[in-house]
Structure formats: structure tokens, C-alpha cells
Amino acid sequence: MHRCLMALTVFLATAPCAYAAGHRVECPISAPASLGAHLGPLDQVAVLSERKGVPIDETAPPGLVPDRGFARGAVWHNIWLMGDEPGWAHYIDCRYRGSSKVLRLPADGLRQCEQTAAPYSRQHGVSETAIHTLACD
């Protein structure tokens, strides 16, 4: 029990405040009703970039690799640095446990996106039941 409380304390102390108002784009922690009922929490995220006017190939979405990834305590962080590139559009894909459906959010005009996943350990990586967040400004 003590370990669980300690892990939760570390997570809350080191996770970015993804629930705070003010982020321009966020993946909801819980799946919106539009994706269907009884879905699990946020499970995967992707930052996409495609030429404006070109449809996204859903079989191989143009996901960007994070610019940085690091651990802080028991939390894994991925950071994408973004800019307004003429002729390109950016999107955020939010995927939820139990569904192949995607919530795709427009992400033009953002400077940075940060994903967190906890718990994380050096031995095992991100837990299969990790709590994920994604917030962009």
C-alpha cells in the first residue's frame, strides 16, 4: 500500500498539469461519447503532419517521432516541438483502450505537445495499464 501511495505521489508531483485549463489542445483522458460507450482510458497518442489538401493515409498515418523522450521519476515524457510550416497541416490522434477508432484533433499553430505515461520504470518501460495524457500549446 505504501508503494502505491508513493508512486501516486511521484506521478502527481512530476506529471504536467494536463487537466488545467489553458492548454490549446488536449486528448481527453476518457473517451468522448462520440467514439462509443464503455471504452477504456486514453491509451496511445500520435502527432501527425501532412501536406494541406492531401488526405491522410489511414493505413499508415504520417506520425512524427518525438523530438525528446525522458523519464522523470516514474513518469515517461515525450515532447514534440512544432512550428507553422507553410503548406503543412498538423493533427493529434487520440486512441482509447478497447477501440480502433481515433479522435483526431486539429493542431495547427501549436508550439509543443507533451505526452506523459505513468507508471514507468527503467526495467519494464511504460506499464500496459499506464495512465496517459497529451497536452499541446
Side-chain angles (χ1 to χ4, degrees):
M1 177 72 169
H2 185 280
R3 284 182 134 173
C4 291
L5 289 174
M6 198 160 155
L8 179 61
T9 302
V10 169
F11 171 72
L12 293 174
T14 60
C17 190
Y19 308 106
H23 293 294
R24 290 184 54 201
V25 176
E26 294 180 72
C27 283
I29 299 299
S30 299
S34 62
L35 291 182
H38 309 295
L39 295 180
L42 183 64
D43 190 44
Q44 296 177 347
V45 300
V47 178
L48 311 178
S49 182
E50 184 62 88
R51 288 202 174 276
K52 288 184 179 177
V54 174
I56 291 179
D57 178 355
E58 297 300 337
T59 63
L64 300 174
V65 174
D67 293 288
R68 277 185 16 196
F70 61 92
R72 183 180 300 142
V75 181
W76 182 259
H77 299 257
N78 282 322
I79 307 286
W80 289 266
L81 302 175
M82 303 163 68
D84 283 333
E85 302 162 36
W88 289 84
H90 296 89
Y91 304 92
I92 304 301
D93 277 5
C94 311
R95 294 181 187 268
Y96 296 86
R97 284 188 196 125
S99 178
S100 59
K101 294 180 183 177
V102 174
L103 174 63
R104 181 163 291 149
L105 305 171
D108 286 334
L110 299 174
R111 295 175 291 118
Q112 174 178 302
C113 288
E114 180 171 6
Q115 173 198 17
T116 65
Y120 164 83
S121 74
R122 290 189 193 273
Q123 281 183 315
H124 303 289
V126 173
S127 166
E128 287 183 23
T129 58
I131 297 170
H132 294 261
T133 67
L134 181 81
C136 306
D137 293 299

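Atom CZ of Arg97 sits about 6.0 Å away from atom OG1 of Thr129, to the nearest 0.5 Å. Rounded to the nearest 0.5 Å, atoms CE (Met82) and OG (Ser49) are 7.5 Å apart. Rounded to the nearest 0.5 angstrom, His77 NE2 and Tyr120 OH are separated by 11.0 Å.
A donor and an acceptor atom, one from each side chain of Gln44 and His132, are nowhere located under 3.5 Å apart. Judged by distance alone, the side chains of Trp76 and Asn78 do bring a donor and an acceptor atom under 3.5 Å apart.
Judged by distance alone, the side chain of Trp80 and the main-chain N or O of Val47 form no donor-acceptor pair under 3.5 Å. At least one donor-acceptor pair under 3.5 Å links the side chain of Asp108 to the backbone N or O of His90.
The two atoms that bring Ala130 and Pro119 nearest to each other are CA-CD, 4.1 Å, heavy atoms only.
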Could you walk me through whether Asp137 and Gln112 pass side chain to side chain contact (heavy atoms under 4.5 Å, CB included), step by step?
CA-CA 6 Å; Asp137 293 299; Gln112 174 178 302; 6.0 Å; no

Evaluation steps, side chain to side chain contact (heavy atoms under 4.5 Å, CB included), between Glu58 and Arg104
CA-CA 11 Å; Glu58 297 300 337; Arg104 181 163 291 149; 2.7 Å; yes

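Shown here are the side chain to side chain donor-acceptor pair (under 3.5 Å) partners of Ser100, two or more places apart in sequence or in another chain: there are none.
Residues Leu35 and Leu105 share a single hydrophobic cluster, defined by chaining ILVMFWY side chains whose heavy atoms lie under 4.5 Å apart. Residues Val25 and Leu42 share a single hydrophobic cluster, defined by chaining ILVMFWY side chains whose heavy atoms lie under 4.5 Å apart. Taken together through direct or relayed side-chain contacts under 4.5 Å among Ile, Leu, Val, Met, Phe, Trp and Tyr, Leu134 and Val126 form parts of separate hydrophobic clusters.
In summary, of the residues considered (Leu64, Ile92, Asp93), a side chain to side chain contact (heavy atoms under 4.5 Å, CB included) with Leu48 occurs for Asp93 alone. Of the residues Ile29, Asp43, Val102, Leu103, the one that meets the side chain to side chain contact (heavy atoms under 4.5 Å, CB included) test with Tyr96 is Leu103.
Proximity of Trp88 to Lys52: side-chain heavy atoms (C-beta onward) are nowhere separated by under 4.5 Å. At a threshold of 4.5 Å between non-hydrogen side-chain atoms, the residues Thr116 and Thr133 count as touching. You'll find the side chain of Ile56 reaches within 4.5 Å of the side chain of Pro62, heavy atoms only.
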